Q: 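One structure coming up, written as structure tokens, with questions to follow.
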Amino acid sequence: MSTRPQNVKGMRDHLPQAMMLRQSIQATMRTVFERYGFEPLQTPIVEYAETLEGKIGDDEKLIYRFETEGGRRFALRYDQTVPLARVVAQYQNQLLFPWRRYAMGQSYRGERPARGRYREFWQADVDIIGSASPLADAEIIALLSDVLAALGFTGFTTLLNHRQIIGGIARVAGLPEAQAGGVYRAIDKFDKIGAAGVRDELLRSGIAADAVERIITLVSLDGPTDGVLDELGQRLADDARAVLAITNLREIIAAVRAMGIAEARIAVAPRLARGLSYYTGAVFEAVVADPPMGSLLGGGRYDELIGLFAGRPIPTVGLAFGIERLHDVMTELGLGPQQRSVAQAFVTIFGAAQRAASLELAQQLRHAGIAVETALDAGERLSRQFQHADRRGVPLALVLGPDELAAGTVVVKQLASGQQQTVARAGLIELIRQLHATAGPDGR
RNA sequence: GUGCCUGUAGCUCAAUGGCAGAGCGCCUGACUGUGGCUCAGGAGGUUGUGGGUUCGAAACCCAUCAGGCACCCCA
């Protein structure tokens with residue numbers, strides 16, 4: 001190995017500062033997921049290539065594949081939904097449905113990396129497997145609202161649509177199924193290129209002008225949830241599947257309201273198309289206006305995918321949080337824990353004569369549940385030890401010198417302010433906890 | 001996968017074909033029980049990498065790697 005050290009393109013190293021945020025994101029999610037009764041599941045990153053092939057459509061070229069000497073073909077998972085389908089099929093007789101499970105882990109896609117998009121990325125998936133009830137959809141939407149709120153987001157909106165509303169729009173415009181895919185892709189860009197841009201794109205793809213206008217009118221619908229649904233109901237009244245879809249959305253929204261989700265948090269958006277490859281019912285995603293970032297999460301109902309593996313229909317609704325995007329956006333917004341160090345206190349070593357006593361003090365604190373970093377060089381000047389602790393972002397430095405040892409006390413110095421106090425050993429743990437509890441927003 | 005932009009010290013950036021620099025950061029000391037401030041001094045570069053053009057390349061050309069932006073698609 002003489003080459004320069006270099007991480008693989010599109011795959012990130014997460015240094016401690018970033019990891020503290022990532023771990024807090026995951027811990028927050030785990031707490032909320034379990035509060036909604038979801039159980040953890042973990043599956044291997046590697047699957048047999050055949051398991052993944054034929055499930056996600058044209059994007060199969062993005063799957064990382066490799067082959068062993070013996071000719072076994074493997075693939076890195078592309079998402080956590082297909083592995084879920086495999087697990088459901090494989091352990092059908094051990095699982096109780098409806099089954100709520102969550103999974104956090106990395107997936108891999110050979111895409112061109114960009115901001116908020118990486119070749120290795122973590123997702124947190126939650127799914128309710130084996131229920132067609134609109135209450136299941138509503139549970140997922142309520143959960144995602146709680147997760148985003150718990151992470152500190154205040155300005156997010158969950159956009160809702162339904163696969164059969166989009167399908168109905170295409171059908172009402174008189175488009176054959178073959179042309180529908182292009183229409184979906186065009187209208188999904190609505191937020192990016194606007195109504196005029198979508199109109200241009202549709203016209204350029206050869207769709208008749210009057211059909212284009214009908215589509216634009218429908219996908220431009222915006223405003224209060226019930227108003228949009230009423231309007232859709234009138235304009236799509238001739239399409240039976242769309243009518244059912246609208247009823248379904250009304251049921252979901254009624255349940256979401258019953259769960260107390262604020263009206264401002266949700267919006268019916270006929271322009272939301274998403275990757276429609278396996279979605280069959282409601283689809284949703286959450287977006288923040290500032291900073292601009294693609295969707296933070298996306299999901300929907302897919303009643304057929306798991307059946308491909310299980311051999312019988314298993315209706316499922318779920319979503320995936322994009323941990324990379326949450327991480328990037330939260331970093332830009334300054335959300336999440338601001339602490340720079342996991343350690344709450346730094347135990348200095350005054351000199352060789354106090355080394356043993358300092359180590360003993362550190363252990364005493366650790367066993368009391370306080371995260372402690374110690375100095376490692378008894379010969380280092382105290383000033384250097386303070387400097388090191390402060391640079392590391394440890395809020396407190398403890399000094400156990402000859403005077404303190406003689407008096408049975410410890411000096412506790414708050415590095416941010418420089419204030420220090422001398423406390424009896426008996427009161428030390430209480431003082432540290434107190435200072436930690438009253439620490440400012442930067443953990444100090 | 002396609003197109004465009006960028007890459008110089010740890011970081012942010014100068015130097016437009018002619019001696020590789022600044023600010024911040026870092027190290028040492030002033031300061032042997034107290035970091036940040038101040039002052040003095042110091043270290044740090046294969047100009048992403050490889051090739052080419054040229055008397056001479058950080059600069060121009062080609063390739064490659066990495067990052068960003070727009071497509072495509074998505075978390």
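Chain naming here is simple, since letters A, B, ... match the order of the sequence lines and numbering starts at 1 in each. Remember, predicted model here, so these are calculated numbers, not experimental data.
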Q: Looking at OG1 of A:Thr81 and CG of A:Asp125, how far apart are the two atoms once the value is rounded to the nearest 0.5 Å?
A: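 A:Thr81 atom OG1 to A:Asp125 atom CG measures 5.0 Å (nearest 0.5 Å).
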Q: Measuring from the side chain of A:Arg325 (C-beta onward, heavy atoms only), which nucleotide among B:G35, B:G33, B:A75 has the closest atom?
A: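 Looking only at side-chain atoms, A:Arg325 lies closest to B:A75.
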Q: If I pick the P atom on B:A15 and the same atom on B:U28, what distance separates them, to the nearest angstrom?
A: 34 Å
Q: Please report, rounded to the nearest Å, how far the P atom of B:G35 is from the CD atom of A:Gln419.
A: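 From A:Gln419 CD to B:G35 P: 16 Å.
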Q: Over how many whole Å does the gap from A:Phe284 atom CZ to B:C74 atom P extend?
A: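 Between P of B:C74 and CZ of A:Phe284: 16 Å.
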Q: Quick one: does any side-chain atom of A:Thr43 pair with a main-chain N or O of A:Leu41 as donor and acceptor, under 3.5 Å?
A: no
Q: Heavy atoms from C-beta onward define the side chain here; which of B:A75, B:G35, B:G33 lies closest to that of A:Arg117?
A: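 So the nucleotide nearest the side chain must be B:A75.
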Q: Would you mind classifying the nucleic acid contact of A:Gly110 as base, sugar-phosphate or nothing, using non-hydrogen atoms under 4.0 angstrom?
A: nothing
Q: How close or far is atom P of B:G68 from atom NZ of A:Lys9, stated in whole angstroms?
A: 9 Å
Q: Please state whether the base of B:G3 and the side chain of A:Arg112 form at least one donor-acceptor pair under 3.5 Å?
A: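 Answer yes: a donor N or O sits under 3.5 Å from an acceptor.
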Q: Of A:His388 and A:Glu111, whose nearest nucleotide on RNA chain B comes first from the 5' end?
A: A:His388
Q: Apply side-chain contact (heavy atoms from CB on, under 4.5 Å) to residues A:Val288 and A:Leu333 and explain how you reach the verdict.
A: CA-CA 11 Å; A:Val288 287; A:Leu333 293 178; 5.6 Å; no
Q: Is A:Gly351 touching bases, backbone alone, or none of the nucleic acid, heavy atoms closer than 4.0 Å?
A: nothing
Q: Go ahead and name the base partner of B:G23; Watson-Crick or wobble counts if both distances stay under 3.5 Å, otherwise write none.
A: B:C11
Q: Quote, to the nearest angstrom, the P distance that separates B:U53 from B:G44.
A: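 Per the computed distance, 33 Å lies between those P atoms.
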Q: Flag as yes if A:Phe321 stacks onto the base of B:A75 (centroids under 5.5 Å, planes under 30°), otherwise no.
A: no
Q: Separation of A:Asp127 atom CG from B:A75 atom C1', in whole Å?
A: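 To the nearest whole Å, that distance equals 14 Å.
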Q: A cation-pi test, strictly: NZ or CZ of A:Arg100 under 6.0 Å from the centre of the six-membered ring of A:Tyr36 and no more than 45 degrees from its axis. Yes or no?
A: no
Q: Taking only side-chain nitrogens and oxygens of A:Lys413, does any of them come within less than 4.0 Å of OP1 or OP2 of B:G33?
A: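 So the side chain of A:Lys413 is outside the cut-off, no N or O lying under 4.0 Å from OP1 or OP2 of B:G33.
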Q: Name the nucleic acid region contacted by A:Glu404, choosing base, sugar-phosphate or nothing; use a 4.0 angstrom heavy-atom cut-off, strictly under.
A: base
Q: For B:C13 versus B:U54, give the span between their P atoms, rounded off to a whole number of Å.
A: 35 Å
Q: Nearest whole angstrom, please: distance from the P of B:C74 to the CD of A:Gln80.
A: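 Atom CD in A:Gln80 sits about 18 Å away from atom P in B:C74.
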Q: Partner lookup for B:U49, please. Criteria are Watson-Crick or G-U wobble with both distances under 3.5 angstrom; report none if nothing qualifies.
A: B:A63
Q: Could you give the CG-to-P distance, from A:Leu151 to B:A75, as a whole number of Å?
A: 18 Å
Q: When the ring centroid of A:Tyr48 is compared with that of A:Phe74, is the distance short of 6.0 Å?
A: yes
Q: Of the nucleotides B:G35, B:G33, B:A75, which one has an atom closest to the side chain of A:Arg109?
A: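 The closest nucleotide is B:A75.
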Q: Quick one: look up who B:U2 pairs with, Watson-Crick or G-U, both distances under 3.5 Å, and put none if it's unpaired.
A: B:A70
Q: On RNA chain B, check which nucleotide each of A:Gln387 and A:Glu120 is closest to and give me the residue with the more 5' one.
A: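 It is A:Gln387 whose nearest nucleotide is closer to the 5' end.
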Q: Side chain of A:Gln6, heavy atoms from C-beta onward: which of B:A30, B:A75, B:A66 has the nearest atom to it?
A: B:A66
Q: State whether A:Arg12 and A:Asp328 are salt-bridged, where the test is any N-O pair (Lys NZ or Arg NE/NH1/NH2 against Asp/Glu carboxylate O) under 4.0 Å.
A: yes
Q: Considering only side-chain heavy atoms of A:Ser295, which listed nucleotide, B:U34, B:A75, B:G33, is closest?
A: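 The listed nucleotide nearest to A:Ser295's side chain is B:A75.
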Q: Give me the distance, rounded to whole Å, that separates B:A59 from B:G21 when you measure between the C1' atoms they each carry.
A: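 It works out to 15 Å between them.
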Q: Which nucleotide, B:C27, B:A75, B:G29, lies nearest any side-chain atom of A:Arg381?
A: B:G29
Q: When rounded to the nearest Å, what value does the distance between P atoms of B:U64 and B:C4 take?
A: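 One P to the other, the span is 13 Å.
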Q: May I ask you to decide if the ring planes of A:Tyr64 and A:Tyr108 are parallel, tilted or perpendicular, using 30° and 60° as cut-offs?
A: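 Rings of A:Tyr64 and A:Tyr108: perpendicular, over 60°.
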Q: Should B:A43 form a Watson-Crick or G-U wobble pair with both distances under 3.5 Å, which nucleotide is its partner?
A: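 For B:A43, the partner nucleotide comes out as none, under the 3.5 Å rule.
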Q: Could you tell me how far apart A:Ile193 (CD1) and B:A70 (C1') are, to the nearest whole angstrom?
A: 13 Å
Q: Distance check, P atoms only: B:C26 and B:U16, in whole angstrom units.
A: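 One P to the other, the span is 31 Å.
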Q: Check if the side chain of A:Gln420 and the base of B:G35 share a donor-acceptor pair of N or O atoms closer than 3.5 Å.
A: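 Between B:G35 and A:Gln420, which were checked side chain against base, a qualifying N/O pair under 3.5 Å is absent.
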Q: Under 4.0 Å between a side-chain nitrogen and a carboxylate oxygen: does that hold for A:Arg117 and A:Glu324?
A: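 So A:Arg117 does not pair with A:Glu324 through a salt bridge.
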Q: Would you indicate what A:Arg384 reaches in the nucleic acid, counting non-hydrogen atoms under 4.0 angstrom: base, sugar-phosphate, or nothing?
A: sugar-phosphate
Q: Tell me: CZ of A:Arg119 to C1' of B:C74, nearest whole Å?
A: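 About 14 Å, once rounded to whole Å.
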Q: Sort out the partner of B:A30 for me: Watson-Crick or G-U wobble, both distances under 3.5 Å, none otherwise.
A: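 Answer to the pairing question: B:U38, which forms a Watson-Crick or G-U pair with B:A30.
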Q: For B:A57 and B:G25, measure between their P atoms and round to the nearest Å.
A: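 Each nucleotide's P atom is 36 Å from the other's.
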Q: What distance, rounded to whole Å, do you find between the two C1' atoms, one in B:C27 and one in B:U46?
A: 24 Å
